[in-house]
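These notes are about the structure you will find just below.
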Amino acid sequence: MSQALPQAHQPDALLLDVQNLQKSFGGVHALSGVSFSLKAGEVHALVGENGAGKSTLIKVLSGVHKYDAGEITLAGAPFKPTDPHFAKAAGIQVVHQEFNLLKDLSIAENISIEAFPRKRFGLLDRAEMKARARRALDAIGLNDVDVDAPVRSLGIAHRQLIEIARALQTDSRILILDEPTATLTERETSRLFEIIAGIKAKGVTVVFVSHHLDEVFAICDRVTVFRNGRTITTEDIAETSPEGIVRHMVGRNLAQQEKEIHVPIDKDVVLSVSALQTSQNPDPNGVSFELHRGEILGIAGLVGAGRTEVLRAIFGADPIRSGVITRNGHALNINGPRDAIAAGIGFVTEDRKDEGLILDMPIAANSSLVNIRQVSRHGLLDFARERQMAVEGGTRLKLKYGKTSDPVSSLSGGNQQKVVLAKWLANDPEILLLDEPTRGVDVGAKAEIYAILKGLAANGMSMIVVSSELPELITLTDRMLVMSENSIQGILMPQDYDQETILKLAYGQSDVAKGPTQ
Amino acid sequence: MSSAHEANIAARGKSFSLKAILNNAGIGLALLLVIAFFSVTTEHFLSSNNITNILTQITINLILAVGMTFVILIGGIDLSVGSVMAFAAVVAGKAITLPGLGVTELILLACLAGVLAGLVCGILNGVLSAYWSLPSFIITLGMLNIARGAALQISGAQTIYSFPFVFEEFGSKLIYGVPVVFLLALLLVLIAWFVLNRTVFGRLIYGIGNNEEAVRLAGHPVFWYKVAAFTICGLTAGIAAIVYMARLSIASPIAGIGFELNAIAAVIIGGTSLSGGRGSVIGTLLGAFIIGVLANGLILIGLSDFMRQMITGVVIIIAVILDHYRARLSAS
Amino acid sequence: MSSAHEANIAARGKSFSLKAILNNAGIGLALLLVIAFFSVTTEHFLSSNNITNILTQITINLILAVGMTFVILIGGIDLSVGSVMAFAAVVAGKAITLPGLGVTELILLACLAGVLAGLVCGILNGVLSAYWSLPSFIITLGMLNIARGAALQISGAQTIYSFPFVFEEFGSKLIYGVPVVFLLALLLVLIAWFVLNRTVFGRLIYGIGNNEEAVRLAGHPVFWYKVAAFTICGLTAGIAAIVYMARLSIASPIAGIGFELNAIAAVIIGGTSLSGGRGSVIGTLLGAFIIGVLANGLILIGLSDFMRQMITGVVIIIAVILDHYRARLSAS
Amino acid sequence: DDKPVVGLVMKSLANEFFQSMLAGAEAHAAERGDFELIAVGMQNETDFEAQINAVDNFITQGVDAIVVAPADSRAMVRPLKKAVEAGIVVVNFDVALDTEAKEQQGFELAFVGPDNRGGAAMAGDALGEKLGEGAKVVIIEGNPGADNATQRLLGFQDSVEKYKLELLDSRTAHWETEEANQVFSTMLTAHPDIQGVMAANDSMAVGVVKALEAAGRDDIEVVGFDNIPAVAPMIEDGRMLATVDQFGQEMAANAIDLALEVLAGGPELEGWVKTDIKLVTAD
Ligand SMILES: Nc1ncnc2c1ncn2[C@@H]1O[C@H](COP(=O)(O)OP(=O)(O)OP(=O)(O)O)[C@@H](O)[C@H]1O
Ligand SMILES: Nc1ncnc2c1ncn2[C@@H]1O[C@H](COP(=O)(O)OP(=O)(O)OP(=O)(O)O)[C@@H](O)[C@H]1O
Ligand SMILES: [Mg+2]
Ligand SMILES: [Mg+2]
């Protein structure tokens, strides 16, 4: 499997050259003229709004999709990837935006899936496989994860790391990472950057997709900007600025975020959680906090801190072990999502593919999934109303789509995420739980989503936001819980928001006293 | 996988007739080819008598397949329909041969009893598989045995016969050459189409087949929807039992052996995905037609039984291959 | 869904014997309960004679179920195994009754011919369903008809009989009361277990059932793996045919009707997920035992045929419910 | 051409009894050469609808005569009545239509065929003769609900009564060799003192014989029904006591001849035209 590493390349030699690449899906022109080039040994960023065509380019390069027109040259020779195997053999390794894991297989097996270590006669060398997996996990900082555990038991961030570890297993000439940091917290992200630096030093060329420009500026040498299926420009990082890139991305100057007026929080407690113990939670004291009307409460923490579990427990998605949840002062008996929704609670899940969307069904059907009663009468669907609602939701969230009758699977990752949001906003809940709400959403849209959420909060909607992006929590929330190992380490007010404090709490090593609920 | 497109259409609830039929065109094409072939190779195929025959012959399979479509759309399967049909027939047969009642009461009672028997089996299938999230394959395999055993036990393995004349007549009545029982089946197809494409219930049936968890998290009572799908399937098995009795003038405890495979085949040939979430009841209608026309035509051209069986197998495979190419074409 | 845990274990390829058996304990428990029940209620159940009987009786189903496990693990299904078995038996029967050859040659030739016949059917199933990504349900339903028709055609619907004595003897030979054919089946289970858990091929079989696209993206030739799974299933059908012939001294073109459902039931009762990716061949072994023990024990306690059929259904359902609770317990 | 067309409705042609019957009919058609034969079977034993469909199809095709072996003695009454009303000569053979059902429909049709019950009694009698009064016997039945299975069971019960045999158990094996093998080996465990077995057809008898071999028992007598070729060596070497031959080979051919006679203007058939049955034993 292993290729000769391209050590021999002189720096700056063109490794890959793409000229005027075109690709359309039915009537949608996903790529309508993409040109870019990779220099050997560089880290090259691809940025652009949701649906700009980044993932499509990557899928073409990795042999998932065939392209319609254009030319690709790899190391001087024409390159026409026909299937994933072909692209891999040519030394192109990809971590796709959507996960491609085998959930019932062990972590070790997932990591080795591309080239299992074999003994004679096709026998699996399990000792070697586990050893490799151990090394791979240690390298990306997952020291405490058992390589024999099935992937099914992992949270979404861990899954992302497994994907990365897998890609790093094979020696490659070009490593493409499509939004690898979307689900990672600071700790994992910086770990990843060290790894990228390491393989870059070995001469591997890295393509990096991210909506976080700070990341792009931290590790990349050059950046190519996509807009509407075209490449707008490629610039050296040293010679550009975040503002410049955003200008290229959206084709205009982004209005400066207005200094926000802080709306004083209503003191009514709409939801209170006391001593909540989820089925995975070993802490006998459980989790306790209160949520006020119109408040946006953030939950920070490292991957695996148990944040998702808290939201799932409140929403009734998983059974709880013990604890009391009260709503407007009355104890709630939540036996399932149904009860939670009836109590005016909504839940934007973190894994849109498995939990959020019905991928094969139309955008309209997905956006009306929760409030389907509102677009029906006596059980009969009112298609016009449903379409209208989908269009409204789409417009509100700047969804980039063809028709509301297109299946959600035809949308780009970030746009899919917007459909999940639209679905819950359409139901107009009083309390909205959001787990990684802007995962994979581009900078511009993100700002708009923040504005929308703040507007809703100002009108009295309360929210709990779990996010792995501290800047997101810092801009969005009125108060922040920090969790570590399934318990709350502290509660911070905006004036105390500060990366260092938060991280310390998140690592569970702060001497800040465990704050009271209020 | 082959039918993503038409399923989307179905899920979107586009206009009936033309579009739906076009989107089932792969299977429609296969059907047309088969019809064309038999029309030129055999003398009687297109005779009005034979058309009547074909319509009669596909009726029971079609009725069973309509209910099966619901179950397969939620990602389940129902292996028990043949046995449940026999059980319902025996129950209805016992009812209709009760002494001392008027003809109308007897018929009403029998229909009610048969349909109810089917319904109960369906509810059991649904509750058992949905409550414990058990594979419906195995639950309905259990029901296959239970219902068959019950049918044999209740009837003492004796065929029940001698039904009121009007009842038997209903089984062979024609309206302009079209059997009334076929019209009944067609009505069921239309109702199913409407329910699947125009109602919230139908939308969620598709949703559950696609991503049960997403539907659950959207606050819908997935359990009840699943039970409902199986119940509908049991209901159609009960209706099929009544039609069977009217058509054959008997209620046999060994009726319907292997009918489940035919019904499932109609659904799948019609482009519904066995893993759920994609498909349409119009496809099921065409699938049932293919199976029925093949059975009829191959007899007419005088093939030996064994050749007939082999060719049936070959044509079924070719039909789905054709459908595959249709799906590819319409996708691009 | 009910068997996530044991499947995980299986998928991880933990040590054979103890752990695997513990993790199949739900079904093992059901089996033990059934055995305990029959041991106290009937006199002869635990007699060595009867144990020999049971072992003989589950042999063919077990052999078929081993191959079926591969197909179900990749998310497919093979409805044709019963027919393919009959086809292979007829082919082997034709071979073994050829005139003018020595006994050893005849037997070798027959075994080769039978296994090859099964293999070819399996390859066809695999290629047709994998190449066009068609639902294997419908492809193998086609093959069910084709193979059965071919078996009838080749044999002229006549039972083939009068085989060499050593061949017949093999079918009923015992070693310490254990039928040799059962040992053969057990050997197949062990090989299958080894292949599934210890080889790259086996892990990718699980992988394909889990997420075919991911395996494809990892650069593996999914097509060939799928063909291989169906080929193995065809192969075991061929082996089952040879065992059938040796055991009954005949090759009947109508053998094996409905065997596919029994084989699938063994696999699913054994905890393998019908949607693929999860399960173990040890589970299949236990599943086959449950079915076999039930069939035997219910006759011994003297239940009437119809009650027996009903109770078989009930016990199958209870077995999977038990397995569900076992999975829940072991998960927490 | 204007040769008369005869439609032959068979039961499952996968069953070798009906297969050889069909072969006989076809040979007969070739020999006579003065009629055209169209034969239709059914996919499986219980596929009653297939036979009704076949009759419907024959009416459509306008055949001159239908010769039918009904899979269900009641279900076929109405379609055959329809055929008669359409002016088609109908001959019922192998299994008689149910008398009550015929009466109820106001329909008369003669039957040409063997006496299944009588035949089974012949086999049972052979068993009783050999084993003597009080012997312990079991029967492996055919498909429950099938007419010939019922008739054969009744016939065997007649013998049981006649010879005062003790009937230990009675179970179905659905006409199948493998199932008969399994069911009988288990019966043998439950009742090791069985002395005789009646299998309702020879395919099942083969399974019974193999079960006896596997159990190492040669003290149990087996009788079957149908006289398929596979049992000939077993009868010869004593593994089976007897079977019953209904001369299926000729049965359809005879029925066709009768139909052609009526077509040619001969007298209508009436009542039960019994055909031969014979007990086959080693000597
Ligand atoms: N399989 C498909 N079928 C139809 N349209 C598609 C398909 N895949 C992508 N598209 C369309 O192509 C366009 C580009 O999508 P792509 O996934 O490349 O965007 P992206 O730049 O990766 O966006 P994001 O940042 O949201 O991941 C979008 O309009 C999308 O809807
Ligand atoms: N179904 C499960 N089975 C076993 N362990 C699980 C399961 N779900 C989550 N976990 C584990 O529980 C811990 C908490 O997970 P959770 O997803 O709640 O964390 P989180 O703070 O939301 O982190 P993330 O950023 O990964 O979402 C993690 O260690 C995770 O691996
Ligand atoms: Mg993308
Ligand atoms: Mg989380």
- prompt: Got D:Ile139 and D:Val197 here, is their nearest side-chain heavy-atom distance under 4.5 Å?
  reply: no
query: Is chain D contacted by the side chain of B:Ile60, its backbone, both, or neither, given a heavy-atom distance below 4.5 Å?
result: side chain
- prompt: Between D:Glu49 and chain B, which part of the residue has a heavy atom less than 4.5 Å away: side chain, backbone, both or neither?
  reply: both
message: Please classify the contact of B:Asn50 with chain D as side chain, backbone, both or neither, using a heavy-atom distance under 4.5 Å.
response: both
Contacting moiety of B:Leu248, where chain D heavy atoms sit under 4.5 Å: both
task: Using non-hydrogen atoms and a 4.5 Å limit, figure out which bit of B:Leu152 sits close to chain D: side chain, backbone, both or neither.
output: side chain
- prompt: So which of B:Ser252, B:Ser48, B:Pro253 has the largest heavy-atom pair count under 4.5 angstrom toward chain D?
  reply: B:Ser252
- prompt: Ion pair present between D:Asp34 and D:Arg32, side-chain N to carboxylate O less than 4.0 angstrom?
  reply: yes
message: If you count heavy-atom pairs within less than 4.5 Å of chain D, which of B:Gln158, B:Gln57, B:Arg308 leads?
response: B:Gln57
field: Segment of D:Met76 engaging chain B (4.5 angstrom heavy-atom cut-off)
entry: neither
- prompt: If you measure only the distance, is there a donor-acceptor pair under 3.5 Å linking the side chains of D:His174 and D:Glu179?
  reply: yes
query: Counting heavy-atom pairs under 4.5 Å to chain B, which of D:Lys82, D:Gln104, D:Arg78, D:Met42 comes out on top?
result: D:Arg78
Over-ring placement of D:Arg152 relative to D:Phe225, 6.0 Å and 45° cut-offs: yes
field: SB check D:Asp147 D:Arg74 (cutoff 4.0 Å)
entry: no
- prompt: Checking B:Phe259 against chain D: side chain, backbone, both or neither under 4.5 Å from a heavy atom?
  reply: side chain
- prompt: With a 4.5 angstrom heavy-atom cut-off, which part of D:Gln51 approaches chain B: side chain, backbone, both or neither?
  reply: neither
message: Need one label for B:Phe45: side chain, backbone, both or neither, based on atoms under 4.5 Å from any heavy atom in chain D.
response: neither
task: Using distance alone, with no hydrogens and no angle criterion, decide if D:Asn57 and B:Asn296 have a side-chain donor and acceptor under 3.5 Å apart.
output: yes
- request: Using only heavy-atom distances, determine whether the side chains of B:Asn49 and B:Ser47 contain a donor-acceptor pair under 3.5 Å.
  value: no
statement: So, the part of B:Glu43 with a heavy atom under 4.5 Å from chain D: the answer is neither
message: Using heavy-atom distances under 4.5 Å, tell me whether D:Ile38 contacts chain B through its side chain, its backbone, both, or neither.
response: neither
- prompt: Are more than 12 heavy atoms from other residues, nucleotides or ligands located less than 6.0 Å from atom CD of D:Glu161?
  reply: no
field: Check: D:Gln182/D:Glu178 side-chain N/O donor and acceptor closer than 3.5 Å
entry: yes
